[in-house]
Amino acid sequence: MQNREIAEVFEKIADLLQIKGEAIYRVLAYRRAGESIRALSQRVVQIAEESRLQDIPGVGAAIAAKIDELLSTGKMEFFEILTAEVPETLPDLLRVEGLGPKKVARLWKELGITSIEELETAAKAGKLQKLDGMGSRSEAKILASLEALGKRQYNRHLLDVVQPVAAQLLERLRKIDGAVEAEVAGSLRRYKETIGDLDLVVASDANELVMDEFVQFPEIGRIGGKGPTKTSVELVDGLRVQLWVQSPERFGSTLQYATGSQAHNVKLRELALSKGLSLSEHGFKTDEGDEILCSKETDVYKTLGIGWIPPAMREARGEIEAALEDRLPKLVTVKDLRGELHAHSNWSDGHASIEEMALAARKLGITYLVITDHSRSLGVAGGLSIERLWEQKAEIEQVQEKLGNNIRILHGSEVEILADGSLDYPDEVLEQLDVVFASLHSSLRQPKEKITTRFLSAVENPHVDFIGHLSGRLLGKRDPADLDVDVILNAAAEHGVGLEINSHTDRLDLNDIHARRAVELGVKLAITSDAHRTEHFDLRSFGVGIARRAWVTPESIVNTLPRSKFLKWLKSRN
DNA sequence: GCCGTTTTCGGCCCGACTGTTTTCAGTCG
């Protein structure tokens, strides 16, 4: 059983208990346990085998027993009793904006509504406004939320889609009279792999004016709520945006608050309390009622006596403890990347020539570039026959001669791991390539043992240098393959094979949790653009974002090595 | 239900906005 599946059970229990009206802190305990399991880098199955379940934060005796029961029997009596009492589909209603557990419970008990469809029918029939405490406005709002919910295909958006929207909105906000500063916050600032809402913060003493102008922006489709300090809207394309406006002297605390994550903020506020301070977006309040204002975000952390925590780390995964012990890692940045190890050209499915790719890379300060076109069996992507592969080598040598020593172009391949676990080129071909990435693009739905074994045979091949986009997931489109990540990472560590963090925003693969696990196990990583166009080199910032979320330092990333050291590293492998 | 450099019991972050209320509960982040 996957961690995600176990986490979902506990998150559902939390929803059901809350609808049932259970004590809130019991509900929160289940929710926290679910979130905590979701964020684990190790498999719960393994932790259970080692009888260490209660080491998981938020898991005590009661929840540990329920995990054990779930793992050994595939069922949980507590969950079954609960769903016999409260319909299992009710939590779906919580996704409707404006509906929380209390209202969902009333809809169920008083109108017998248990699904989104039934809610829509009842709302259209005007039945909701007849409930006590609900009026026609509430009903209209629910109908509008239902419509928005249906329009959104996916609830979450890819990073490279949201980032330009954010940049454009910020530019417009900065132009408003009285706007001193405008910054992006929320999950985009934390480089979470997908974005639910876009959060923006403006420093201004003219709150009302900024808000009035903001809701007039042409891309805004629907206003969800509007106040002097907080406004939420939905853009015509379905992206939800929240804007906070605070005076400049409170900008730092507001930016910190709006950046989250919520779990990080809760822990930070607990830390504040332990020091006799109350923390909110307005800043600190002492027990005597005096205020400590933070115009800069660093002031928030400084006041608590800890170092500034990079946004990517703010997920309540031990970063506050690390800050308290003064052992925050120095995270990798885009500037640290000296080489690009995974790029395609028009020899396979890329859109630019080798020379164009090399020139674009050189412009970005990249000093070594590995061209890794697809191998022969990947017909849809124009995979290279062995003959074509050698013709390509000749072109690389020509381009190298033409461009000189500012950039070194290496000949690699993204070699398909075939369905039987063998590689798409024979060993005598692989050994002549500078760099070999082994990736999997087909037969991703094989059973776990089979897929894991395929990766293991690739890792054990002495010519393989890196494994590309391990899980094969495409965010919003294709689930990750079912594989035993720990087994593969352990094998990679043993054979000195690197794992890729692929920067394409629909891949981001390894994800942050697996990347962190990889580093724990001593696996080297590569942050790659998997560029198919010259513009794709810019995607590296997203791969770096994932690495930072995984607490990765430059030392763990192979392509931070200066060129000479990288070449030496390659040689040592061959 | 979890947790403990004040605690094994009594806490558990904090504030904005909305709708339907005549002073606040519910929702959200």
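Per chain, numbering begins at 1; letters A, B, ... match sequence-line order.
Stacking between Y25(A) and the base of dC2(B) is absent under the criterion of ring centres within 5.5 Å and planes under 30 degrees.
For dT20(B), one of the phosphate oxygens OP1 or OP2 lies less than 4.0 angstrom from a side-chain nitrogen or oxygen of S138(A). Considering only side-chain N and O atoms, S278(A) lies under 4.0 angstrom from the phosphate OP1 or OP2 of dC14(B). Here K103(A) does not reach the OP1 or OP2 of dT20(B): none of its side-chain N or O atoms lies under 4.0 Å away. For the pair R269(A) and dC13(B), the criterion of a side-chain N or O lying under 4.0 Å from OP1 or OP2 is not met. Between dT20(B) and R137(A), a contact under 4.0 Å exists linking OP1 or OP2 to a side-chain N or O. Close to dC17(B), at under 4.0 Å from its OP1 or OP2, lies a side-chain N or O of T229(A). At least one side-chain nitrogen or oxygen of H282(A) sits closer than 4.0 Å to the OP1 or OP2 atom of dA16(B).
Comparing atom distances between the A62(A) side chain and each of dG26(B), dT18(B), dG1(B) picks out dG1(B) as nearest. Closest to the side chain of K66(A), from the set dA16(B), dG29(B), dG1(B), is dG1(B). Here the side chain of A29(A) is nearest to one of dG26(B), dG29(B), dC2(B), namely dC2(B). The listed nucleotides are dT27(B), dG19(B), dA16(B); the one nearest the side chain of K230(A) is dA16(B).
Atom CD1 in I67(A) sits about 13 Å away from atom C1' in dG1(B), given to the nearest Å. Between L94(A) atom CG and dT27(B) atom P there is a gap of 9 Å when expressed in whole angstrom units. Rounded to whole Å, the distance from CG on L128(A) to C1' on dT20(B) is 15 Å. Going from atom CD of E281(A) over to atom P of dC28(B) covers 18 Å, rounded to whole Å. In this structure, K102(A) atom NZ and dG26(B) atom P are separated by 4 Å, rounded to whole Å. Atoms CZ (R222(A)) and P (dT18(B)) sit 13 Å apart, rounded to a whole Å. Taking atom CD of Q18(A) as the reference point, atom C1' of dG26(B) lies 11 Å away to the nearest angstrom. What separates CD1 of I223(A) from P of dT18(B) is a distance of 10 Å, to the nearest Å.
When Watson-Crick and G-U wobble pairs are counted only if both distances are under 3.5 Å, dT8(B) pairs with no nucleotide at all.
Between dT20(B) and dA25(B), the distance separating the two C1' atoms is 10 Å to the nearest Å. dC13(B) and dC3(B): their P atoms are spaced 14 Å apart (whole Å). As rounded to the nearest Å, dT5(B) and dG1(B) have C1' atoms that lie 24 Å from one another. Taking atom P in both dC14(B) and dT22(B), one finds a spacing of 30 Å when rounded to whole Å. Taking atom C1' in both dA16(B) and dG11(B), one finds a spacing of 25 Å when rounded to whole Å. Taking the C1' atom of each, dT23(B) and dC17(B) are spaced 16 Å apart, rounded to whole Å. Across the P atoms, dT6(B) and dC2(B) are found 23 Å apart, a figure rounded to whole Å. The P atoms of dC12(B) and dT8(B) are separated by 16 Å, rounded to the nearest whole Å.
In the model, Q2(A) has a side-chain atom that pairs as donor or acceptor with a side-chain atom of D482(A) under 3.5 Å. Of the N and O atoms on the side chains of N3(A) and Q42(A), not one donor lies less than 3.5 Å from an acceptor on the other residue.
Of the residues near DNA chain B, G60(A) and L273(A), the one whose nearest nucleotide (by heavy atom distance) lies more toward the 5' end is G60(A). Checking G135(A) against T231(A), the closest nucleotide of DNA chain B that is more toward the 5' end is the one next to T231(A).
Residue contacts shown for E270(A) are limited to sugar-phosphate atoms, with no base heavy atom under 4.0 Å away. At the heavy-atom level, L28(A) lies nowhere under 4.0 Å from the strands shown. Here V96(A) lies in heavy-atom contact (under 4.0 Å) with sugar-phosphate atoms only. Contact annotation for K267(A): no contact, since no heavy-atom pair falls under 4.0 Å across all strands. Residue-level contact check: I24(A) touches neither bases nor backbone, having no heavy atom under 4.0 Å from any strand. In this structure, V59(A) reaches the sugar-phosphate backbone alone: every heavy-atom distance under 4.0 Å involves primed, P, OP1 or OP2 atoms, never a base. At a threshold of 4.0 angstrom between heavy atoms, the contacts of L268(A) with the nucleic acid are absent. Heavy atoms of Y257(A) sit under 4.0 angstrom from at least one base atom.
A salt bridge between R473(A) and E193(A) is present, with a side-chain N of the basic residue lying under 4.0 Å from a carboxylate O of the acidic one. The pair K12(A)-E8(A) does not count as a salt bridge, with every side-chain nitrogen at least 4.0 angstrom from each carboxylate oxygen. A salt bridge between E319(A) and R190(A) is absent, with no side-chain N of the basic residue lying under 4.0 Å from a carboxylate O of the acidic one. Salt-bridge annotation for E171(A) and K175(A): present, with a side-chain N of the basic residue lying under 4.0 Å from a carboxylate O of the acidic one.
In this structure, R43(A) contributes its side chain and M1(A) its backbone to a donor-acceptor pair below 3.5 Å.
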Residues R269(A), Y257(A); criterion side chain to side chain contact (heavy atoms under 4.5 Å, CB included); working and verdict: CA-CA 10 Å; R269(A) 288 170 180 199; Y257(A) 157 73; 3.2 Å; yes
